[in-house]
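Here is the structure we will look at, set down as structure tokens.
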Protein chains: 2
Amino acid sequence: MGGNLNEAPEFERAPERLGDAAYREMKERIIRGVYRPSHKLTVRAVARDLDVSTTPARDAINRLTSEGALIYAGPKTVVVPVLDASALREITLTRLALEGLASEQAAQNGAPANVEELKSLQGLINSALDEKRYAEALWHNKEFHFTIYRLSGLPQLVSMIETLWLRIGPSLHNLYPEFAEEKYGVRNHEIAMEALGERDAASLRAAMENDIRDGYRRLKRANLERGAGTSA
Amino acid sequence: MGGNLNEAPEFERAPERLGDAAYREMKERIIRGVYRPSHKLTVRAVARDLDVSTTPARDAINRLTSEGALIYAGPKTVVVPVLDASALREITLTRLALEGLASEQAAQNGAPANVEELKSLQGLINSALDEKRYAEALWHNKEFHFTIYRLSGLPQLVSMIETLWLRIGPSLHNLYPEFAEEKYGVRNHEIAMEALGERDAASLRAAMENDIRDGYRRLKRANLERGAGTSA
DNA sequence: GCTGCGTTTTTGTTGCAACAAAATTGTGAA
DNA sequence: TTCACAATTTTGTTGCAACAAAAACGCAGC
């Protein structure tokens with residue numbers, strides 16, 4: 001029992017398992033819209049795609065399924081979920097609670113450097129939007145949000161929020177370009193940056209909640225316009 | 001095109017995979033306190049315990065780990081987490097947000113039959129407490145909470161809350177019997193039942209939040225009294 | 001053309017062996 | 001006794017084959 005407790009409190013770095021790499025890669029594809037809603041995933045196909053054997057592929061699919069990023073739709077089929085109105089509402093309610101909390105906590109730890117980082121991120125969002133590179137705008141928008149959430153200093157909470165984004169990601173991309181057409185929540189983001197600079201927790205929370213609600217309304221509307229394109 | 005759409009909207013029942021059974025069994029053991037904090041889990045040992053091969057055992061461990069019910073503590077070791085003060089605070093903050101939301105939503109759907117069910121559950125809690133069967137009291141307490149949360153009609157939210165309970169479960173059992181000694185939140189539960197009967201969302205939420213905060217305080221205190229019994 | 005049924009293919013699950021890495025144990029020297 | 005180092009055991013990961021179940025396909029009969 002030597003001075004173990006005096007060593008650096010860092011956990012040893014694990015050598016990255018293939019299953020984890022597959023998981024990250026699939027997560028990325030889901031968020032970036034490579035796999036669209038109702039896309040069916042088979043173990044062997046994923047294994048081929050990612051160039052690994054069936055074991056890590058199965059690990060990744062199982063993990064994503066248990067997180068709700070993929071859903072079990074019948075005896076032998078795992079698919080990218082298609083969100084109906086009720087699921088979308090549920091996720092939004094949960095996001096408001098969790099991202100609201102994270103924003104509140106983040107306000108207490110906001111430093112000028114963080115505001116600068118957000119400003120630069122917002123610049124990227126705006127450029128992407130102007131040049132109609134919507135996927136990129138969505139990506140930077142995600143970074144904007146999580147830069148704030150990470151400031152909360154609550155890593156488990158941030159993870160839970162990530163799983164929620166993973167669930168709406170596919171629907172977001174499926175609704176191009178209607179969804180991202182309008183200036184994407186620029187006003188809310190500006191208010192958020194100001195509030196973070198002033199460490200105004202209530203205002204920051206309100207701005208982020210408004211952003212979530214705006215996105216929800218837009219998503220719901222686009223979804224309706226698309227009609228019930230559930231099958232085929 | 002038979003009347004498929006007229007059939008019951010149930011998903012086909014999957015024939016229960018071994019991995020799922022292993023997962024449920026381990027979850028049960030964690031919540032019931034069979035596996036205590038800092039208990040190290042090995043694939044082969046779990047496989048022996050549950051009498052399955054390594055594959056389902058590994059599946060279960062992986063899933064529990066990705067949910068945060070187990071944690072990766074070093075290159076080749078997965079353990080039941082020991083919650084430090086910071087982790088306990090984080091989980092409590094998240095619980096307040098999520099369980100508060102679920103309670104609020106539940107209030108809108110409360111029926112007299114539900115209040116009756118809760119009353120009977122509270123009876124079980126009280127008896128168990130009187131007769132010092134603490135593990136049982138904890139179990140019924142869990143049922144009390146989730147009976148309310150399920151009324152929210154938000155199944156994904158309920159799942160997320162379950163993963164949070166899974167994270168504190170071991171610590172709860174580790175602090176016997178100090179933790180459960182006092183009448184366990186009886187007052188808060190009474191208020192909650194009354195609020196549910198009156199469909200008073202704000203009061204129900206407040207009662208449940210108070211219950212969570214009470215538990216948090218008790219847990220924190222018991223944890224401190226135990227000292228930093230981290231190792232051995 | 002369509003329906004019903006048997007065959008073939010695809011697919012998920014499971015158990016297992018091989019491998020590498022880490023922990024443990026044992027041994028010998030100082 | 002204590003320390004260093006090597007051999008052994010334990011352990012997680014990975015790939016793969018066998019199996020059963022479900023799906024897809026095709027073909028014959030109406």
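First the proteins, then the strands, lettered A, B, ... as listed; each starts at 1.
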Legend entry - Interatomic distance, B:Glu16 CD vs D:dA21 P [rounded to whole Å]: 16 Å
Legend entry - pair B:Ile125-B:Glu143: side-chain heavy atoms closer than 4.5 Å: no
Inset, instruction - Side-chain contact test, heavy atoms from C-beta onward, threshold under 4.5 Å: evaluate it for B:Arg95 versus B:Tyr216 and give yes or no. - result: no
Inset, instruction - Identify the heavy atoms of A:Lys40 and A:Val79 that sit nearest to each other, and give their distance. - result: CA-CG1, 3.9 Å
Legend entry - Geometric class of the A:His39/A:Tyr35 ring pair [parallel <30°, tilted 30-60°, perpendicular >60°]: tilted
Inset, instruction - Rounded to the nearest 0.5 Å, what's the gap from CG on B:Leu164 to CG on B:Leu98? Could you check? - result: 6.0 Å
Inset, instruction - State the CG-NZ distance between B:Leu83 and B:Lys220, to the nearest 0.5 angstrom. - result: 13.5 Å
Legend entry - From A:Glu104, A:Glu99, A:Gln105, residue fulfilling side-chain hydrogen bond (donor to acceptor under 3.5 Å, both in side chains) relative to A:Arg205: A:Glu104
Legend entry - A:Thr55 vs D:dT14: side-chain N/O to OP1/OP2 distance below 4.0 Å: no
Pull out every protein N or O sitting under 3.5 Å from an N or O of nucleotides 9-13 of chain C, one pair per line with the distance.
residue: C:dT11; atom: O2; partner: A:Lys76; partner atom: NZ; Å: 3.0
residue: C:dG12; atom: OP1; partner: A:Val43; partner atom: N; Å: 3.3
residue: C:dG12; atom: OP2; partner: A:Val43; partner atom: N; Å: 3.0
residue: C:dG12; atom: N7; partner: A:Arg44; partner atom: NH1; Å: 2.7
residue: C:dG12; atom: O6; partner: A:Arg44; partner atom: NH2; Å: 3.1
residue: C:dT13; atom: OP1; partner: B:Arg17; partner atom: NE; Å: 3.2
residue: C:dT13; atom: OP1; partner: B:Arg17; partner atom: NH1; Å: 2.3
residue: C:dT13; atom: OP2; partner: A:Arg58; partner atom: NE; Å: 3.4

Inset, instruction - Please report the C-alpha distance between A:Arg24 and A:Glu16 in whole Å, then the side-chain angles of each, then the deciding distance to 0.1 Å, and finally whether the salt bridge (Lys or Arg N to Asp or Glu O under 4.0 Å) criterion is met. - result: CA-CA 11 Å; A:Arg24 278 191 305 101; A:Glu16 170 81 350; 2.8 Å; yes
Legend entry - Five-pair end axes of the helix from C:dG1-D:dC30 to C:dA30-D:dT1 and the angle they enclose, rounded to 10°: 0°
